[in-house]
Amino acid sequence: MMTLQKLLFLSLVVAQSAFAAPNVVLIAIDDLNDWVGCMGGHPQVQTPNIDRLAKRGVLFTNAHCQSPVCNPSRASMMSGIYPETSGLYFLSPPPKESPILMKSTFMPQRFQDEGYYVTGAGKLFHNGGNQNEAYIPNFGGNFGGFGPMPEKKISSYPGHPLWDWGVFPERDEDMPDYKCASWAEDQLAKDFEKPLWIGVGFFRPHVPQYAPQKWFDLYPMETLQLPKTFEHDLKDVPEYGVNLTRLEHVSPPMDWVEENEEWKPLVQSYLACVSFVDHQVGRVLDALDEREDANNTIIVLYTDHGFHLGEKERFAKRSIWQDGAGTPLIMVGPGIAKGAVCDQPVQLLDIYPTILELTGLKADPAHEGHSLKPLLKNQKAGWPHVARSSFGPGNVAIVSEGYRYIRYNDGSEELYDRQADTHEWHNIAQNPEKKSVLEQHRARLPKTSHPALEGNS
């Protein structure tokens, strides 16, 4: 039986937390598409920890990145500024080469300025240019990044060394993401005597798609299901769109994958990595739940972009179709609905202004996203906004609740009815009955696009 003294102490903790600034916990996952149990992207995926987090808050099923590449997506999310504004579209250069981004205040710095203890580890910003060390106070390290690496490739694919997949290493403890979760457990056990902003960035399921054997055992090859695809999926895609996602790319082409019978191994390794990283998410959530101020904590789980596993005849990111630009997004915290699902079009750019409002901080007029607070209370609230993704200047996707519209730099277009054609197999841009829909979405295109910064690649 709980003593009166203990009851009084707990009541005091609850009362104090009601007035204290909420903690902020960001959980970033690299290259995760909708192959998550609560999103139903693959019928066999096992993600019990991400699923339990979704039951505690709002799951956004129609969330999108601003660019389907690590560097610009993460810089945009942490700054609240579109790539079309900053000029940062690709893997390089780092944000310091954008005068516009350097005039902004990245999220970790803003929260340190507001009196938070700020820390993070793993992959939050892109790795290039020591960005995490530069932009995250008290950065805890990346624990080996994409490693460890075997002496020789496991797969037979002759391309880029990161493009490999298979069982490796033997133990979870040897994986950087395991070490990152351990670091997070240690941090969350501390009392910093300030509100806490902490970012935990996991590297998997980004290539190389390595995980220990037990995670592969969850997905036996003999019963493994491939994603649903359409034989003539690219027939109605403009030539510009096909070339944009294929020319000079390092990922294995569809014909190589099929000729070498590597489709199932690629799907299996991706699913194994997803379940492995889900387990690390669970360790972070368990550590959070042990804190006395757990109920006064905002949790945001997101990924930088999606990933194709054969859809649109490709195995990679770097596309502004749903599989490349769609992102899981879950928000949990005080005042946020529990076990709710929102289908409104939202974007990673909305995270920063949302957290500012949820923590009672002043909005930043430079931010180009919108606070999601109305949708966190009422998922059917009026939402006049769309989501916007781009891959290079002039290649833009506009996503509404019902449609995905794509306009390429040469003027060619795609339009998909996301209700009737959930896989985006049929381009209806030439359908005369959709003229008004096209015009509505064209009106949402950016009026100007900053030229790509020198060194973009």
Side-chain angles (χ1 to χ4, degrees), residues 62 64-69 72-73 76 81-91 98 100 230 232-249 251 253-254 305-306 308 311-314 316-326 345 347 349 368 384-454 456-457:
N62 194 7
H64 305 270
C65 68
Q66 275 42 79
S67 178
V69 195
S73 176
S76 176
I81 294 173
Y82 278 113
E84 289 87 352
T85 301
S86 70
L88 192 65
Y89 296 97
F90 303 112
L91 281 180
S98 169
I100 292 171
F230 181 55
H232 304 293
D233 202 355
L234 297 179
K235 294 292 185 182
D236 55 7
V237 173
E239 182 180 4
Y240 189 102
V242 174
N243 291 339
L244 179 68
T245 57
R246 281 158 177 75
L247 294 182
E248 300 182 7
H249 198 268
S251 62
M254 189 73 185
H305 41 66
H308 293 252
E311 305 91 343
K312 285 283 189 291
E313 300 180 19
R314 59 186 279 99
K317 44 200 170 188
R318 302 172 76 93
S319 87
I320 47 179
W321 296 305
Q322 173 64 32
D323 295 297
Q347 48 191 357
L349 203 70
E368 297 179 296
H385 311 296
V386 295
R388 192 172 96 203
S389 305
S390 63
F391 185 41
N395 304 312
V396 181
I398 302 295
V399 183
S400 61
E401 191 168 5
Y403 294 89
R404 175 181 299 274
Y405 166 73
I406 297 176
R407 170 73 174 265
Y408 293 111
N409 205 17
D410 69 344
S412 57
E413 297 174 304
E414 296 174 50
L415 182 69
Y416 300 98
D417 183 335
R418 303 180 70 248
Q419 307 297 322
D421 179 21
T422 56
H423 297 287
E424 299 181 354
W425 286 339
H426 306 291
N427 177 12
I428 56 174
Q430 302 302 318
N431 186 339
E433 296 180 3
K434 297 298 180 180
K435 183 178 179 181
S436 62
V437 174
L438 279 172
E439 291 174 349
Q440 292 167 13
H441 288 72
R442 286 169 182 158
R444 298 296 195 121
L445 291 168
K447 304 305 179 188
T448 60
S449 293
H450 195 294
L453 297 173
E454 185 176 349
N456 264 295
S457 63

I'd like to know if the side chain of Glu424 reaches the main chain of Gln322, judged simply by a donor and an acceptor atom lying under 3.5 Å from each other, with no hydrogens or angles considered.
yes

Smallest separation among heavy atoms of Ile81 and Leu349, with atom names
N-CD1, 3.3 Å

The test is side chain to side chain donor-acceptor pair (under 3.5 Å); show your working for Arg388 and Gln347 and say whether it passes.
CA-CA 7 Å; Arg388 192 172 96 203; Gln347 48 191 357; over 6 Å; no

Do any N or O atoms from the side chain of Asn395 and from the backbone of Ser390 form a donor-acceptor pair under 3.5 angstrom?
no

Write down the atom of His305, the atom of Gly324, and the distance for their closest heavy-atom approach.
CB-O, 3.5 Å

Can you tell if the side chain of Val396 reaches within under 4.5 Å of the side chain of Ser389, non-hydrogen atoms only?
no

Once rounded to the nearest 0.5 Å, what's the spacing between atom NZ of Lys435 and atom CD of Gln430?
12.5 Å

Has Glu401 got a side-chain atom pairing as donor or acceptor with Val386's backbone, closer than 3.5 angstrom?
no

Backbone of Pro72 reached by a side-chain donor or acceptor of Ser67 within 3.5 Å
no

Check whether more than 12 heavy atoms from other residues, nucleotides or ligands sit under 6.0 Å from atom CD of Glu439, and answer yes or no.
yes

Please find out if less than 6.0 Å separates the ring center of Phe230 from that of His426.
yes

What class does the angle between the rings of Tyr240 and Tyr408 fall in, given that below 30° is parallel, 30 to 60° is tilted and above 60° is perpendicular?
tilted

Do the numbers put Lys434 on top of the ring of Tyr416, so that NZ or CZ is under 6.0 Å from the six-membered ring centre and no more than 45° off the axis?
no

Within the 3.5 Å criterion, strictly below it, is a donor on His308 or Ser319 matched to an acceptor on the partner's side chain?
yes

Any donor-acceptor N or O pair under 3.5 Å, side chains His441, Ser400
yes

Nearest heavy-atom approach of Cys65 to Ser73 is CB-OG, 3.9 Å

Between Asp417 (side chain) and Asp421 (backbone), is there a donor-acceptor pair under 3.5 Å?
no

Is any side-chain heavy atom of Glu413 less than 4.5 Å from a side-chain heavy atom of Ile406?
no

For a side-chain contact (heavy atoms from CB on, under 4.5 Å) with Thr245, tell me which candidate from Arg314, Arg318, Lys312, Lys317 qualifies.
Arg314

Determine, stepwise, if the pair Arg442 / Val437 fulfils side-chain contact (heavy atoms from CB on, under 4.5 Å).
CA-CA 9 Å; Arg442 286 169 182 158; Val437 174; over 6 Å; no

Ring-face cation of Arg444 near Tyr405 (centre distance under 6.0 Å, axis angle within 45°):
no

Check whether any side-chain N or O of Ser98 sits under 3.5 Å from a backbone N or O of Ser86 as a donor-acceptor pair, and report yes or no.
yes

Note, His423 side chain near Asp233 side chain (heavy atom, < 4.5 Å)
no

Counting C-beta onward and ignoring hydrogens, is there a side-chain heavy-atom pair between Leu415 and Leu438 closer than 4.5 Å?
yes

If you take all heavy atoms of Ala387 and Pro345, which pair is closest and at what distance?
N-CB, 4.0 Å

In Å, rounded to the nearest 0.5 Å, how long is the span from OG of Ser449 to OH of Tyr82?
11.5 Å

Is it true that the side chains of Thr448 and Glu84 contain a donor and an acceptor less than 3.5 Å apart?
no

Please work out which of the three classes, parallel, tilted or perpendicular, describes the rings of Phe391 and Phe90, given edges at 30° and 60°.
perpendicular

Does the pair Asn427 and Val237 meet the rule for a side-chain contact (heavy atoms from CB on, under 4.5 Å), with working shown?
CA-CA 7 Å; Asn427 177 12; Val237 173; 5.8 Å; no

Can a side-chain donor-acceptor contact be found between His64 and Asn62 if the only test is distance below 3.5 angstrom?
yes

Salt bridge flag under 4.0 Å for residues Glu414 and Arg407:
no

Pairwise side-chain contact, Thr85 with His450, heavy-atom cut-off 4.5 Å (strictly under):
no

Looking only at side chains, do Gln66 and Tyr89 share a donor and an acceptor under 3.5 Å apart?
no

